[in-house]
Amino acid sequence: MSASVQECLQLQLLEMEMLFSMFPNQGEIKLDDVNALTHIKRYLEGKREALPPKIEFVITLQMEEPKVKIDLQVTMPHTYPYVPLQLFGRSSELNRQQQLLFNKSLTSYIGTFDPGEICVCAAVQWIQDNSASYVLDKMLVYEPSAQTKAVKNTFLRMWIYSHHIYQQELRKKILDVGKRLDVTGFCMTGKPGIICVEGFKEYCEEFWHTIRYPNWKHISCKHAESFETEGNGEDLRLFHSFEELLLEAHGDYGLRNDYHMDLGQFLEFLKKHKSEHVFQILFGIEIKN
């Protein structure tokens with residue numbers, strides 16, 4: 001069964017009311033856009049023509065045994081609950097591999113729900129019931145038994161090209177998403193705009209989906225590098241964090257911000273990070289030795 005966007009948004013508002021009743025204290029639920037619910041209500045009342053922004057928020061869960069805090073990042077696509085919910089949990093008490101396993105299990109659990117079923121409240125309950133096993137088992141990924149088959153994960157590196165990246169709001173979103181997810185890389189602002197994101201496949205794909213939608217048109221993934229690993233992927237990383245890359249520009253034309261980044265500097269940056277091979281892929285310019 002399918003449903004209209006209006007019906008889906010009504011279900012989302014209903015679920016948000018349930019969540020605010022479950023977490024009434026200030027700061028327990030933080031909306032990315034504090035006006036998101038108001039925009040949706042106005043849209044449903046016919047007072048707003050444009051499709052409202054998606055509901056995106058973080059629920060902070062305080063566990064008692066063990067005493068630990070888990071942040072659950074939630075994004076509701078416009079047609080949720082008839083399309084999958086986007087969830088991501090993180091905690092300072094979970095290392096990279098534990099966090100990966102935790103989110104894989106959470107996503108798998110949410111996948112058991114039928115289209116049309118709201119499931120954020122159920123996800124919260126699952127975390128409350130199951131998080132302790134991930135937090136307490138510190139040796140989970142470091143001491144597999146001799147009989148246990150090592151789990152292979154896919155480590156991904158994506159090279160993303162945009163005509164330009166100027167807007168402060170967009171730059172902030174890219175950095176926030178990069179730091180929220182367990183990824184490393186960089187975002188080169190200006191014209192052109194280049195983004196490299198690396199980490200486990202699930203996180204890179206979520207990064208790509210989040211920054212691309214709802215309306216970034218002039219952007220494409222030019223190249224992707226994939227590796228199989230049984231470890232935490234740290235040895236495969238070319239970058240140690242996710243940061244903004246600011247280079248010198250040629251031709252600053254004032255308010256138009258129509259300037260080109262110094263590609264010579266960018267090539268040197270790539271060489272420093274053993275990535276000069278992507279220069280020709282990104283720009284079609286052959287590197288001369």
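Predicted model, so just to flag it, every value in this text is computed and none were measured. No hydrogens, no waters, no symmetry mates; every other heavy atom, side chains included, goes into these values.
With sequence neighbours left out, D176 forms a side-chain contact (heavy atoms from CB on, under 4.5 Å) with K172. Partners of K179 under the salt bridge (charged side-chain N to carboxylate O under 4.0 Å, His left out) rule, at least two apart in sequence or in another chain, are E243. Shown here are the side-chain contact (heavy atoms from CB on, under 4.5 Å) partners of D33, two or more places apart in sequence or in another chain: N35, A36, H39, P53. Residues satisfying the side-chain contact (heavy atoms from CB on, under 4.5 Å) test with K47, not counting sequence neighbours, are R42, E45. Every salt bridge (charged side-chain N to carboxylate O under 4.0 Å, His left out) that E244 has, sequence neighbours left out, goes to R171.
P192 and L263 make their closest contact through CD-CD2, 4.5 Å (heavy atoms, listed as atom of the first residue, atom of the second, distance). Nearest heavy-atom pair, C121 versus M18, reported as atom, atom and distance to 0.1 Å: SG-CE, 3.9 Å. The two residues F207 and L181 make their nearest non-hydrogen contact at N-CD1, 3.5 Å. A pairwise comparison of heavy atoms in G178 and V183 identifies O-CG2, 3.2 Å as the closest pair. The two residues C119 and Y80 come nearest to each other via the heavy atoms N-OH, 2.8 Å. Pairing each heavy atom of P77 with each of P84, the nearest pair is CG-O, 3.5 Å.
Paired with F200 under the rule side chain to side chain contact (heavy atoms under 4.5 Å, CB included), one option of N153, T154, N103 passes, and it is N153.
Considering only heavy atoms from C-beta on, Q128 comes within 4.5 Å of Q125 through its side chain. Here the side chains of W208 and V197 are not in contact, with every heavy-atom distance at 4.5 Å or above. Side chains of M76 and V120 form a contact here, defined as non-hydrogen atoms less than 4.5 Å apart. For the pair F242/D182, no side-chain contact is recorded, criterion being any heavy-atom separation below 4.5 Å from C-beta on. The closest side-chain heavy-atom distance from K41 to L13 is below 4.5 Å. Contact check for T189 versus L245: no side-chain heavy atoms found under the 4.5 Å cut-off. Residues L72 and L106 form a side-chain contact, since some pair of their non-hydrogen atoms from C-beta on lies under 4.5 Å apart. Inter-residue side-chain proximity for Q73 and D32 is flagged as met; some heavy-atom pair is nearer than 4.5 Å.
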**Study point:** Derivation of the side chain to side chain donor-acceptor pair (under 3.5 Å) call for E234 and H240
**Key:** CA-CA 9 Å; E234 290 302 306; H240 300 297; over 6 Å; no

Point to revise | Criterion side-chain contact (heavy atoms from CB on, under 4.5 Å) on F23 and V124, from CA distance to verdict | key: CA-CA 11 Å; F23 301 96; V124 169; 3.7 Å; yes

Point to revise | Worked check of side-chain contact (heavy atoms from CB on, under 4.5 Å) between W159 and S275 | key: CA-CA 10 Å; W159 296 91; S275 303; 3.7 Å; yes

Practice item. Begin with the C-alpha distance, continue with both residues' side-chain angles, and end with the deciding distance and a verdict on side-chain contact (heavy atoms from CB on, under 4.5 Å) for N95 and Q98. Key: CA-CA 5 Å; N95 59 39; Q98 288 170 324; 3.2 Å; yes

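The backbone N or O of D114 sits less than 3.5 Å from a side-chain atom of E117, completing a donor-acceptor pair. Listed for the E28 side chain is no donor-acceptor partner under 3.5 Å among the backbone atoms of I59. A donor-acceptor pair under 3.5 Å is formed between the side chain of S91 and the backbone N or O of K69. Looking at E7, its side chain does come within 3.5 Å of a backbone N or O of S4 through a donor-acceptor pair. No donor-acceptor pair closer than 3.5 Å links the side chain of E15 to the backbone N or O of Q12. Within the 3.5 Å criterion, the main-chain N or O of I165 finds no donor-acceptor partner in the side chain of S162. Side chain of K173 to backbone of T210: a donor-acceptor contact under 3.5 angstrom is found. Judged purely by atom type and a 3.5 angstrom limit, T107 has no side-chain atom pairing as donor or acceptor with the backbone of K104. Side-chain atoms of H164 never come within 3.5 Å of backbone atoms of G190 as a donor-acceptor pair (strictly under, hydrogens ignored). Between the R48 side chain and the A50 main chain, a donor and an acceptor come within less than 3.5 Å of each other.
Note on L175: it does not cluster hydrophobically with L246, by side-chain heavy-atom contacts below 4.5 Å among ILVMFWY residues. Hydrophobic clustering of Ile, Leu, Val, Met, Phe, Trp and Tyr side chains at less than 4.5 Å, counting indirect connections, keeps L19 apart from V58. Residues L238 and I281 do not share a hydrophobic cluster, defined by chaining ILVMFWY side chains whose heavy atoms lie under 4.5 Å apart. If you chain together hydrophobic residues whose side chains sit under 4.5 Å apart, I118 and F20 fall into the same group. By the rule that hydrophobic residues join a cluster once side-chain heavy atoms approach within less than 4.5 Å of another member, F227 and M158 end up as members of separate clusters.
Legend: side-chain hydrogen bond (donor to acceptor under 3.5 Å, both in side chains) pairs involving residues 195-205, not counting sequence neighbours, sorted by first then second residue: R157-E198, T184-E198, K201-E205.
With ring centers used as reference points, F239 lies under 6.0 Å from F186.
For Q62, the CD atom is densely surrounded, since the number of other residues' heavy atoms within 6.0 Å is greater than 12. More than 12 heavy atoms of other residues, nucleotides or ligands shown are found within 6.0 angstrom of CD on E228.
Relative ring orientation between F269 and F266 is described as parallel, the plane-to-plane angle staying below 30° on a 0-90° scale split at 30° and 60°.
Atom CE of M188 and atom CD1 of I195 lie 10.5 Å apart (nearest 0.5 Å).
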